[in-house]
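Reading through the structure tokens given below for one structure.
Please read all numbers here as calculations on a predicted model, not as lab measurements. Starting from 1, each residue takes its place in the sequence as its number.
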Amino acid sequence: MYFCKKGDYMKLGDIMKELLDLHSMTQKQLAEALDLSPSALGNYIQGTREPDYSTLIRIADHFHVTTDFLLDHTVNTTASDKKATHREEQLLLIFRSLTSDQQEFYLEQGQIFLRQNRKKGSSFLPRAQSSNRVIS
């Protein structure tokens, strides 16, 4: 649902669709929140028009992301690093939208993956900490 598509970068409209889905918002609700016409917002999402700088900033502020996130932009990275960076930002965005209990569950699930990778000898990640616990 919320992962990078194949290609060098994601389009603004695709990223906005994912943000709307993540926040369970309709285009109409977002248009109202940003004081935009629904058709203008629809054009941004469909990719037929691009928002001006101030509108792009308002969209980013509304979703608590950076404009770089909206534009799928990173500096001085290879294509594979760029995808990883965007995925990391997506994980953070998802994590922040969860309740405390859901965040704890999310972290526990990630820890299970790390333990499995270490057992297979395929993990290159250092030990991470969750709350005050060290992953073992």
Side-chain angles (χ1 to χ4, degrees):
M1 172 185 96
Y2 197 78
F3 294 101
C4 290
K5 297 181 175 134
K6 291 182 180 179
D8 291 339
Y9 65 93
M10 289 182 64
K11 294 180 182 176
L12 172 64
D14 293 330
I15 293 170
M16 289 179 65
K17 285 177 196 174
E18 290 181 346
L19 288 168
L20 286 168
D21 185 51
L22 180 64
H23 291 273
S24 300
M25 289 186 78
T26 64
Q27 288 184 29
K28 183 178 179 183
Q29 290 170 325
L30 181 59
E32 288 173 3
L34 297 174
D35 196 27
L36 294 171
S37 71
S39 62
L41 183 66
N43 286 332
Y44 303 153
I45 291 172
Q46 293 169 13
T48 56
R49 302 247 177 179
E50 295 178 349
D52 60 25
Y53 295 129
S54 65
T55 302
L56 188 66
I57 291 168
R58 289 190 352 245
I59 295 168
D61 288 347
H62 180 81
F63 287 115
H64 306 288
V65 298
T66 64
T67 53
D68 280 348
F69 178 85
L70 290 176
L71 299 174
D72 193 18
H73 174 75
T74 56
V75 179
N76 297 328
T77 61
T78 64
S80 62
D81 288 342
K82 184 175 183 178
K83 289 179 185 175
T85 300
H86 191 78
R87 285 186 175 167
E88 289 168 358
E89 289 180 17
Q90 289 173 326
L91 284 170
L92 183 58
L93 181 64
I94 291 168
F95 182 81
R96 287 179 176 166
S97 69
L98 301 174
T99 66
S100 294
D101 288 341
Q102 291 170 331
Q103 288 176 347
E104 189 62 32
F105 181 74
Y106 197 72
L107 290 171
E108 289 171 5
Q109 294 300 306
Q111 292 171 357
I112 290 169
F113 288 123
L114 289 175
R115 282 192 293 271
Q116 289 174 341
N117 287 346
R118 275 196 290 279
K119 286 179 184 177
K120 294 177 184 177
S122 63
S123 178
F124 62 91
L125 297 174
R127 292 179 174 236
Q129 293 185 12
S130 168
S131 303
N132 291 326
R133 299 179 313 196
V134 176
I135 298 173
S136 54

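- Contacts classified as ring pair (Phe, Tyr, Trp, His ring centres under 6.0 Å) and involving residues 89-119 (residues at least two apart or in different chains) are not found.
- Here the CG-OG1 distance, from D61 to T67, works out to 9.0 Å after rounding to the nearest 0.5 Å.
- H62 pairs by the ring-ring contact (aromatic ring centres under 6.0 Å, His included) definition with nothing, not counting sequence neighbours.
- In this structure, I94 CD1 and E18 CD are separated by 8.5 Å, a value rounded to the nearest 0.5 Å.
- In this structure, K17 and D21 have side chains that are not in contact, with every pair of non-hydrogen atoms separated by 4.5 Å or more.
- At a threshold of 4.5 Å between non-hydrogen side-chain atoms, the residues V65 and L70 count as touching.
- A 4.5 Å side-chain heavy-atom check between T26 and Q29 finds at least one atom pair inside the cut-off.
- Using a 4.5 Å heavy-atom threshold, the side chains of Q90 and L22 count as separate.
- When side chains are defined from C-beta on, F69 counts as touching L19, because their heavy atoms get closer than 4.5 Å.
- Rounding to the nearest 0.5 Å places CD1 of I15 at 11.0 Å from CD1 of I59.
- Inter-residue side-chain proximity for L12 and D72 is flagged as unmet; no heavy-atom pair is nearer than 4.5 Å.
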Output side-chain donor-acceptor pairs under 3.5 Å for residues 38-45, partner residues at least two apart or in another chain, one line each.
residue: S39; atom: OG; partner: S37; partner atom: OG; Å: 3.3
residue: N43; atom: OD1; partner: T48; partner atom: OG1; Å: 3.1
residue: N43; atom: ND2; partner: S39; partner atom: O; Å: 3.3

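- Once rounded to the nearest 0.5 Å, the distance linking CD of Q109 with CG of L114 reads 11.5 Å.
- Summarising the geometry of L93 relative to F63, their closest heavy-atom pair is CD1-O, 3.8 Å, with the distance given to 0.1 Å.
- In this structure, L107 is not a member of the same hydrophobic cluster as L92, with clusters built from ILVMFWY side-chain heavy atoms closer than 4.5 Å.
- Counted within 6.0 Å of CG on D35, heavy atoms from surrounding residues, nucleotides or ligands total 12 or fewer; the atom is thus considered open.
- By the criterion of side-chain heavy atoms lying less than 4.5 angstrom apart, applied directly or through intervening Ile, Leu, Val, Met, Phe, Trp or Tyr residues, M25 is grouped together with L98 in one hydrophobic cluster.
- Looking at T66 and D68, their side chains never bring a donor and an acceptor atom within 3.5 Å of each other.
- Using modelled atom types, no side-chain atom of Q103 and backbone atom of S100 make a donor-acceptor pair closer than 3.5 Å.
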